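Lettering follows sequence order; numbering is per chain, from 1. Remember, predicted model here, so these are calculated numbers, not experimental data.
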2 protein chains.
Amino acid sequence: MKKEIHCPLHYAMNLIGTKWKPLILFHLLDGELRSGMLQKKIPGISNKMFTQTVRELEKDGLLSRKVYPVVPPKVEYKLSDRGRSLETILRSLDQWGLHDCEK
Amino acid sequence: MKKEIHCPLHYAMNLIGTKWKPLILFHLLDGELRSGMLQKKIPGISNKMFTQTVRELEKDGLLSRKVYPVVPPKVEYKLSDRGRSLETILRSLDQWGLHDCEK
DNA sequence: CAGTATCCTCGGAGATACTG
DNA sequence: CAGTATCTCCGAGGATACTG
């Protein structure tokens with residue numbers, strides 16, 4: 001991002017206002033998930049985008065990534081407190097979309 | 001959009017999950033605005049993106065566009081009921097960003 | 001299994017100039 | 001004043017193959 005416009009909404013949308021972020025966060029609301037499981041819940045996402053998006057979310061402190069030193073590799077993703085604080089908003093958006101879809 | 005994935009959240013984000021849409025909707029929460037006024041409230045937006053975004057919002061039924069047949073031209077934008085139904089979510093996002101900004 | 005590395009394409013988005 | 005028309009560029013994002 002080049003321009004740092006100081007607007008809360010803008011700021012918020014930079015963190016979650018992308019194609020996949022809200023979906024990933026949403027699916028983690030019910031608890032932590034293994035990488036493969038989580039990815040499977042997001043139909044249409046490419047391997048690359050999944051990794052990339054999840055890394056950004058981690059960098060922004062919205063989720064945490066736990067790596068188990070085993071083989072085959074095992075990685076679990078889990079919402080951080082900060083990510084959890086979005087729960088209401090995410091569920092509202094989901095509800096809004098749901099209500100609005102059924103037209 | 002090529003893929004029509006049937007997910008409420010995804011659907012919702014397609015409607016408001018872009019760089020400028022939430023900002024435009026947000027600034028209309030306090031009442032209708034003339035085109036120039038509204039645009040001036042969105043620092044950094046280009047002329048083109050403003051028109052384009054506002055048209056998409058109109059197409060999606062989130063706001064209404066009122067054209068006065070006068071010269072010089074006068075156009076006013078106003079939230080539709082559907083757009084108004086996002087008020088809570090928009091304000092929540094704003095609050096979330098605000099709270100989170102002040103770190 | 002989880003992630004990385006490339007390559008490539010398409011359209012988001014800015015700049016600028018113009019019209020009614 | 002509000003909006004359109006081009007031209008252009010850059011990077012988001014997909015497909016594929018590979019590695020530890």
Would you please confirm or rule out a distance under 4.0 Å between OP1 or OP2 of D:dG14 and any side-chain N or O of A:Lys19? yes

Between B:Cys7 and A:Leu23, is any pair of side-chain heavy atoms under 4.5 Å apart? yes

Pick out the pairs of N or O atoms, protein on one side and nucleotides 3-7 of chain D on the other, that lie under 3.5 Å.
| residue | atom | partner | partner atom | Å |
| --- | --- | --- | --- | --- |
| D:dG3 | OP1 | B:Arg65 | NE | 3.0 |
| D:dG3 | OP1 | B:Arg65 | NH2 | 2.9 |
| D:dG3 | OP1 | B:Tyr77 | OH | 2.8 |
| D:dG3 | OP2 | B:Ser35 | OG | 2.7 |
| D:dG3 | OP2 | B:Tyr77 | OH | 3.3 |
| D:dT4 | OP1 | B:Arg55 | NH1 | 3.0 |

Paired to C:dC7 by Watson-Crick or G-U wobble criteria (both distances under 3.5 Å) is D:dG14

Hey, is A:Glu56 close enough to A:Lys59 for a salt bridge, meaning N to O under 4.0 Å? no

Decide yes or no for A:Ser92 and A:Thr88: does some side-chain heavy atom of the first lie under 4.5 Å from some side-chain heavy atom of the second? yes

A:Ile24 atom CD1 is separated from D:dG13 atom C1', nearest whole Å, by 14 Å

Would you compute the distance between atom CD of B:Gln39 and atom OH of B:Tyr77 and round it to the nearest 0.5 angstrom? 9.0 Å

Whole angstrom value for the distance that separates P of C:dT16 from CE of B:Met49: 17 Å

Interatomic distance where CD belongs to A:Gln52 and C1' belongs to C:dA5 [whole Å]: 13 Å

d(CD1, A:Ile45; P, D:dA15) in whole Å: 12 Å

D:dA2, OP1 or OP2 - any side-chain N/O from B:Arg34 closer than 4.0 Å? yes

Taking it one step at a time, do A:Leu79 and A:Glu32 satisfy side-chain contact (heavy atoms from CB on, under 4.5 Å)? CA-CA 7 Å; A:Leu79 286 186; A:Glu32 61 187 349; over 6 Å; no

Indicate yes or no: does B:Arg65 engage B:Glu76 in a salt bridge with an N to O separation below 4.0 Å. no

May I have the distance from A:Gln39 (atom CD) to D:dG14 (atom P), rounded to whole angstrom? 11 Å

